[in-house]
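First comes the structure, then the notes that go with it.
No experiment lies behind these values; they were computed from the predicted model shown. Reminder, nothing fancy here: chain letters follow the sequence lines and each chain counts from 1. What you see below is based on every heavy atom in this structure, not just the backbone, and it leaves out hydrogens, waters and symmetry mates.
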Number of protein chains: 2
Amino acid sequence: MTAVRNGLAGGRRPTLEQVARLAGVGRGTVSRVVNGSPRVSERTRELVEDAIAELGYIPNRAARALAAGTTDAVALVVPEQETRFFAEPYFSGILRGASAELAEHDMQLFLTLIRNERERDRFTQYAASHRVDGALLVSLHADDPLPDLLAEHGLPAVLNGRRSSAESMPYVDTDNAAGARAAVGHLLDGGRSTVATITGPPDMYVARCRADGYREALRAAGREVDESLLVQGDFTEEGGHRAMRRLLAAEPSLDAVFCASDVMAAGARLALREAGRSVPGDIALVGFDDSAIARHMDPPLTSVRQPIDEMGREMVRVLLSLREREPTETRPARAAVQPEPGEPQPARLLPTELVVRSSS
Amino acid sequence: MTAVRNGLAGGRRPTLEQVARLAGVGRGTVSRVVNGSPRVSERTRELVEDAIAELGYIPNRAARALAAGTTDAVALVVPEQETRFFAEPYFSGILRGASAELAEHDMQLFLTLIRNERERDRFTQYAASHRVDGALLVSLHADDPLPDLLAEHGLPAVLNGRRSSAESMPYVDTDNAAGARAAVGHLLDGGRSTVATITGPPDMYVARCRADGYREALRAAGREVDESLLVQGDFTEEGGHRAMRRLLAAEPSLDAVFCASDVMAAGARLALREAGRSVPGDIALVGFDDSAIARHMDPPLTSVRQPIDEMGREMVRVLLSLREREPTETRPARAAVQPEPGEPQPARLLPTELVVRSSS
DNA sequence: ATGTACCTTGGGAGCGCTCCCAGTTGTGAT
DNA sequence: ATCACAACTGGGAGCGCTCCCAAGGTACAT
């Protein structure tokens with residue numbers, strides 16, 4: 001309220017200089033106090049803090065950014081071909097996690113939707129003009145030029161999900177294979193004999209991982225992998241429907257199906273109903289994503305849950321760790337930039353959790 | 001690529017000064033060219049533009065912000081009690097619209113989730129430290145102190161939706177009453193005799209507007225309003241369910257219901273099914289929001305669509321118009337800050353659209 | 001020629017902060 | 001007392017840009 005009384009409400013905001021004058025110290029000292037440097041005596045610190053409180057001083061971020069070359073903000077970039085993705089809980093989970101983690105570091109989140117090439121260029125420019133300290137890239141296609149563009153401008157970036165097994169950029173991903181293993185293992189444990197899978201499009205790395213997990217689980221249980229039991233879907237309901245019909249026609253002994261997404265499982269469920277097969281009586285069903293439809297299906301669908309909020313948080317952690325790793329030109333790059341064991345690695349694989357419901 | 005050859009990839013970025021030197025002009029001239037000032041001769045402009053291209057010059061926003069006192073960024077603020085809201089298409093619509101409109105003005109969007117008081121203070125500080133030129137406030141509760149806090153710091157803000165009929169801040173809202181009128185009018189036109197409504201909580205202004213629309217439509221059709229036909233829900237499925245049961249018990253002649261939200265309509269539909277009433281045969285149903293559930297209900301639900309993307313866009317337009325309106329201290333505030341007829345007003349009511357499906 | 005008016009242009013003066021160096025003060029050992 | 005050393009502190013020198021003013025040009029009228 002003192003601040004208001006001082007007429008700051010609409011008018012000029014106090015500067016470091018003014019705080020320094022009021023506290024009877026130098027500019028440098030105030031800066032140190034504001035930034036929590038330990039090289040300030042207790043007495044002086046209090047003096048300065050009082051002055052700050054009295055004036056209602058708030059640092060000017062633009063000035064800080066200019067002087068220090070850092071902005072305390074990161075961009076979350078969403079290529080917006082997929083409006084779909086955008087309205088999904090997945091997106092809001094990432095957003096929530098990232099936002100929470102950033103808040104803890106007193107940093108801000110910039111949201112950038114990229115609808116077309118023009119907007120991509122605009123963002124690249126933006127990034128290059130150092131308005132952000134780093135970027136979180138979400139829902140990226142394998143052929144998106146954005147990562148390279150950012151690298152070219154020296155902007156640290158973290159991917160959500162890998163583009164391939166040889167992902168060269170820092171990333172945070174779900175352990176899709178492990179999730180699939182858990183799902184299939186669960187079906188086998190339930191005594192199912194013929195377990196098939198409906199996969200995603202093979203050009204998507206995430207789909208391959210889940211298919212691999214399926215295979216691994218079978219092998220781990222001492223069974224052979226029958227490749228004809230892998231039927232390709234495309235992550236749509238319609239695709240799941242088609243795939244399941246094919247499976248039903250080809251495999252009379254079928255009694256369990258692992259679907260690489262809940263949406264495909266919904267399609268599969270429909271095909272089963274049409275064929276008069278009961279779930280889980282005749283055929284057990286497991287999905288992936290633990291999305292809203294999983295809970296609302298009839299029967300409710302067993303599914304593999306990804307720690308989405310946590311992915312958002314972790315992306316931020318990785319991004320921030322990148323900053324420390326990066327050898328600042330001013331410092332002679334201590335030793336050999338070896339990843340220290342304690343800190344978060346530049347890539348993280350997060351665990352999944354099988355949510356068992358009555359479809360299996 | 002010249003830029004890359006010049007070693008800008010990781011290193012120092014070129015400055016205005018360097019561009020000026022290369023072009024053989026002064027700093028001011030380059031600034032004028034970059035900002036599209038007309039006070040530059042054609043010849044000079046070309047010279048400068050060549051130099052900019054050659055060096056791959058990109059203005060440093062922080063410096064610009066510091067010198068000019070403007071950031072070219074606005075914040076979208078979401079109080080996050082309502083994770084619900086967050087995952088909804090409504091949110092992504094606003095986001096998409098705002099983002100698109102901002103992109104056209106070469107501005108950026110800052111996303112701020114406010115989970116608790118600490119984060120609110122943090123944002124207030126942030127806003128006060130002039131990191132953004134304005135704020136878009138979304139899903140605000142009537143008692144939220146944020147608007148006042150922002151006003152205190154002199155930060156322009158636009159609300160999404162009004163808090164009351166006497167909203168004092170600039171806002172963009174849907175014409176809820178008109179939407180309700182259309183819905184109820186449609187039911188009356190369909191020959192329904194006893195039209196009831198399930199309302200939202202009366203402490204929410206939006207709920208009152210929709211209820212008012214219901215009354216107006218009846219009166220417009222020359223009917224009397226029977227207040228016992230307004231049953232209060234709470235915008236949840238469960239609430240819709242309860243309300244419909246009450247209606248069924250109390251009004252044997254009931255043959256149409258306007259629900260103030262799709263979610264409540266879903267609950268109502270459930271109650272109707274339990275009661276063995278057919279839709280639209282026995283009872284016609286209309287919702288509000290045209291959300292995903294409307295399309296997926298059985299039968300698909302007639303609903304009132306709001307132009308959500310457009311609301312996002314419009315919020316930005318209003319915010320930007322605020323900037324021009326605001327008398328800058330340097331200028332003697334031309335005449336008397338009268339809203340000029342042509343420009344967008346500081347408050348906008350957007351039209352709705354009735355999407356007729358088979359539930360009515 | 002001379003004057004007037006209008007363009008265009010260069011560059012000084014900051015914007016508010018961080019970085020860093022040199023100066024000051026304080027402490028403990030000698 | 002004296003010295004070495006550490007802990008604090010003040011303030012100059014920018015960071016890269018915009019704003020603005022005065023200077024220099026140009027064109028046209030007198």
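The separation between B:Asn35 atom CG and D:dC19 atom P is 7 Å, rounded to whole Å. Distance B:Arg21 CZ to C:dG10 P: 14 Å, rounded to the nearest Å. One can place CG of A:Leu47 at 16 Å from P of D:dC8, the figure rounded to the nearest angstrom. Spacing between atom CG of B:Asp72 and atom P of D:dC17 amounts to 14 Å, rounded to whole angstrom units. Residue B:Ile52 contributes atom CD1, which lies 16 Å from atom P of D:dG16 at whole-angstrom precision. Regarding B:Glu42, its CD atom lies at a distance of 11 Å from the P atom of C:dT9, rounded to whole Å. In this structure, A:Arg39 atom CZ and C:dT18 atom C1' are separated by 16 Å, rounded to whole Å. The interatomic distance linking B:Arg45 (CZ) with C:dT9 (P) rounds to 9 Å, in whole Å.
Of the two residues contacting DNA chain D, namely A:Thr44 and B:Glu17, the nearest-nucleotide position lying further toward the 5' end is that of A:Thr44. When the nearest nucleotides of DNA chain D are assigned to B:Ala62 and B:Arg32 by heavy-atom distance, the more 5′-ward of the two goes with B:Ala62. Nearer the 5' end of DNA chain C, as judged by each residue's closest nucleotide, is the contact made by B:Arg43, out of A:Thr15 and B:Arg43.
Closest approach to the A:Val25 side chain among D:dG10, C:dG16, D:dC17 is made by D:dG10 (side chain taken as heavy atoms from C-beta onward). Nearest to the side chain of B:Ala68, among C:dT18, D:dT18, C:dG16, sits D:dT18.
Between the side chains of A:Thr29 and A:Arg45, no donor-acceptor pair is found at a separation under 3.5 Å. A:Asn60 and B:Ser129 share no side-chain donor-acceptor pair at under 3.5 Å.
In this model, the phosphate group of D:dT9 is approached by a side-chain N or O of A:Ser41 to a distance below 4.0 Å at OP1 or OP2. The shortest distance between the side-chain N/O atoms of A:Asn60 and the OP1/OP2 oxygens of C:dC15 is not below 4.0 Å. Using a 4.0 Å cut-off, some side-chain N or O of B:Ser31 falls inside it from OP1 or OP2 of D:dT18.
Residue A:Arg27 places a side-chain atom within donor-acceptor reach of the base of D:dG12, judged by atom type and a 3.5 Å distance cut-off alone.
B:Val34 comes within contact range of no nucleotide atom at all, as no heavy-atom separation falls under 4.0 Å. A:Arg64 comes within 4.0 angstrom of sugar-phosphate atoms only, judged by non-hydrogen atoms across all strands, and of no base.
Panel note: side chain B:Arg122, backbone A:Met107; a donor-acceptor pair is recorded below 3.5 Å.
In summary, B:Glu314 and B:Arg317 engage in a salt bridge, as defined by a charged side-chain N under 4.0 Å from a carboxylate O.
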Run the salt bridge (Lys or Arg N to Asp or Glu O under 4.0 Å) check on A:Glu101 and A:Arg96 step by step: do they pass? CA-CA 9 Å; A:Glu101 184 70 24; A:Arg96 206 180 308 123; over 6 Å; no
